[in-house]
2 protein chains.
Amino acid sequence: MVKQLQKRTLETRARLVAVATDLVAEQGYAALRTEEVVKRAGVAKGTFFAHFKDKDALMDILIGTAIDRQLDQMAQKAAPETVADLVALHAPLLTVMTQERYVFDVILRLSGAAAIAEIGVIATTFERYHRLATRWFETGHFRRDIDAELQAEGLQAFLTQAMALHFCALHRSQPMAQRMQLYLQAWLQPNV
Amino acid sequence: MVKQLQKRTLETRARLVAVATDLVAEQGYAALRTEEVVKRAGVAKGTFFAHFKDKDALMDILIGTAIDRQLDQMAQKAAPETVADLVALHAPLLTVMTQERYVFDVILRLSGAAAIAEIGVIATTFERYHRLATRWFETGHFRRDIDAELQAEGLQAFLTQAMALHFCALHRSQPMAQRMQLYLQAWLQPNV
DNA sequence: TCGAATAAATGACCGCAGTCAATTACTGGA
DNA sequence: TCCAGTAATTGACTGCGGTCATTTATTCGA
């Protein structure tokens, strides 16, 4: 039912990803062209699309991997006990996700799995992030009137909002971290 | 310094928008092709791009107009006094914004003005929505520990989150309105 | 070791957004 | 009314993502 993959297949695929990684390092994500990738990898155009459903599928791997590395770092750290800690903890993740407008757009597009069958890397990292955040909130350092999962979903909502406004000309003046602080203070430590 | 627009210009532009509106009604947003628009409008391809920076600029007008109509309706109604009212008030707006995955993607892409100089229709409607929501919260029926503007920003964040999860295979089971209710209860009426 | 079945790779081709030098239509002053 | 200057329009062309019938390589049973 499952794999019957030849060694060649894995090699080609790995080469494509490696070449793409190099190209991104050189020119950024938005400038990546599939034709450039296949040329450097020494394969035909069709081969690319035999390995990846579309260009987004490659981006999913590249960007998802980068996000996952940040989550590795974050998972190492102790659970944050204050909003300031929580915001500080997110700094590197925010940097990765907002390094280019194009990257943020891809993340938004792929962060939810379109179908159960095709959960990509980015969607998987979002699940992972959700679990990680839920664990932080289960320590009980923040609100207690709602469960940890809901707190985590709100965190994600505000994270997205802060990043979106970062790219908005009308709001770019305020730094992302400061906005996060404001949001999360109100979300996690309401004072009614 | 400003306009020197010929009548012809306005006519062509209006015709393009009218044709596009018809096409969308027939086949949906995602299926819209600029070539189909210019063919029906009886102009050349280049004319389209002389009037609109790119295809997104046309979508901005079509979708932005549809959103604006909903805001007209919402602005008529009295300020909501409960979370349930607030959620119910949003139902038509949610329907418009999530009618197609493609529409939601365009909205996310264009909801923040990329540059002050080029604030589009969708970005303008988001500003309008923000002002409207702020006015609701100024009535003081919800939280009082944070100002109305912040409440409005949170509302927008949760609105986006609810729509995003609506398109996510892993979460599609729960209806949007129900999710909104959960989020907004926690956001607007914390119970610590 | 051979040959049929299957997997991988190929590249010419297509669809569609977006460009631009050339052309046509309009305007306002003489 | 004529004509220079400007605005609007044109359509062939480019760039790039994605497809598919054909060719080439690999596997595995006899």
Side-chain angles (χ1 to χ4, degrees), chain A residues 1-20 23-24 26-63 100-103 105-106 109-110 114 118 120, chain B residues 1-20 23-24 26-63 102-103 105-106 109-110 114 118 120:
Chain A
M1 183 115 307
V2 279
K3 72 204 62 169
Q4 187 79 12
L5 291 179
Q6 306 181 353
K7 184 162 55 116
R8 185 171 53 145
T9 308
L10 296 175
E11 285 168 357
T12 305
R13 192 185 167 82
R15 190 143 36 92
L16 287 170
V17 171
V19 164
L23 281 169
V24 163
E26 289 169 26
Q27 313 169 358
Y29 287 91
L32 191 73
R33 299 284 168 267
T34 60
E35 299 196 324
E36 187 74 19
V37 174
V38 297
K39 198 169 74 184
R40 273 215 207 177
V43 300
K45 190 101 167 262
T47 302
F48 181 96
F49 292 96
H51 286 270
F52 307 102
K53 184 178 156 291
D54 52 23
K55 194 181 166 187
D56 266 6
L58 172 63
M59 285 299 173
D60 184 52
I61 291 170
L62 299 182
I63 297 172
E100 281 179 43
R101 170 77 217 211
Y102 173 76
V103 169
D105 284 344
V106 172
R109 203 151 4 99
L110 304 183
E118 47 179 61
Chain B
M1 183 112 305
V2 279
K3 72 204 63 168
Q4 188 80 10
L5 291 179
Q6 305 181 353
K7 184 163 55 119
R8 186 172 50 146
T9 307
L10 295 174
E11 284 169 0
T12 305
R13 192 186 167 82
R15 189 143 35 92
L16 287 169
V17 171
V19 164
L23 282 169
V24 163
E26 289 168 26
Q27 313 169 359
Y29 288 91
L32 191 72
R33 299 284 169 265
T34 60
E35 299 197 323
E36 187 74 19
V37 175
V38 297
K39 198 169 75 183
R40 272 215 208 178
V43 299
K45 191 100 168 263
T47 301
F48 180 96
F49 291 97
H51 286 270
F52 307 102
K53 184 179 156 291
D54 51 25
K55 195 181 163 184
D56 266 6
L58 172 63
M59 286 299 175
D60 184 53
I61 291 170
L62 299 182
I63 297 172
Y102 173 77
V103 169
D105 283 344
V106 172
R109 205 153 359 102
L110 304 184
E118 47 180 60

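Chain letters run A, B, ... following the sequence lines, proteins first, then strands; residues in each count from 1.
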For this session: Could you state the atom-to-atom distance from CG of A:L58 to P of D:dC16 in whole Å?
Result: 16 Å
For this session: Consider the side chain of B:H51, meaning its heavy atoms from C-beta on, and name the nucleotide among C:dA17, D:dG18, D:dT9 that approaches it most closely.
Result: D:dT9
Problem set entry | Phosphate contact (C:dA9 OP1 or OP2) by A:T12 side-chain N/O below 4.0 Å | yes
For this session: With the side chain of A:T9 defined as its heavy atoms from C-beta on, choose the nearest nucleotide among D:dT19, C:dT10, C:dA8.
Result: C:dA8
For this session: Start with the C-alpha gap between A:R40 and A:E26, add the side-chain angles, then the distance that decides, and say whether salt bridge (Lys or Arg N to Asp or Glu O under 4.0 Å) holds.
Result: CA-CA 13 Å; A:R40 273 215 207 177; A:E26 289 169 26; 2.7 Å; yes
For this session: Return the value, rounded to whole Å, for the distance between atom CG of B:D56 and atom C1' of C:dC16.
Result: 14 Å
For this session: Using atom CG of B:L32 as one end and atom C1' of C:dG15 as the other, report the distance to the nearest whole Å.
Result: 15 Å
Seminar exercise, completed: Per atom distances to the A:K45 side chain, the nearest of C:dT10, D:dT9, C:dA12 is C:dA12
Exercise. Can you check whether B:T34 has a side-chain N or O nearer than 4.0 Å to OP1 or OP2 of C:dC16?
Worked result: no
For this session: Would you check if the side chain of A:K55 reaches a backbone N or O of A:L32 as a donor-acceptor pair within less than 3.5 Å?
Result: yes
Exercise. Between B:T47 and D:dA8, is there a side-chain N or O to OP1/OP2 distance below 4.0 Å?
Worked result: no
Problem set entry | N/O donor-acceptor pair under 3.5 Å between B:R13 side chain and B:H51 backbone | yes
Problem set entry | Nearest to side-chain heavy atoms of A:K55, which nucleotide of D:dG17, D:dT10, D:dT26 | D:dG17
For this session: Could you state the atom-to-atom distance from NZ of B:K53 to P of C:dT19 in whole Å?
Result: 8 Å
Exercise. When you measure from the side chain of A:E100 to the backbone N and O of A:Y29, does any donor-acceptor pair fall under 3.5 Å?
Worked result: yes
For this session: Starting at atom NZ of B:K7, determine the distance to atom P of D:dA8, rounded to an integer number of angstrom.
Result: 14 Å
Exercise. Expressed in angstrom and rounded to an integer, what is the separation of A:E36 atom CD from D:dG17 atom P?
Worked result: 11 Å
Exercise. Which nucleotide in the list D:dG18, C:dC16, C:dT19 gets nearest to the side chain of A:F49?
Worked result: D:dG18
For this session: Check whether any side-chain N or O of A:T47 sits under 3.5 Å from a backbone N or O of A:V43 as a donor-acceptor pair, and report yes or no.
Result: no
For this session: Find the distance B:L16:CG to D:dT10:C1' and express it as a whole number of Å.
Result: 14 Å
For this session: Among D:dT9, C:dG18, C:dG11, find the nucleotide with the atom closest to the side chain of B:D54.
Result: C:dG18
Exercise. Nearest-Å distance, CZ (B:R8) to C1' (D:dA7)?
Worked result: 7 Å
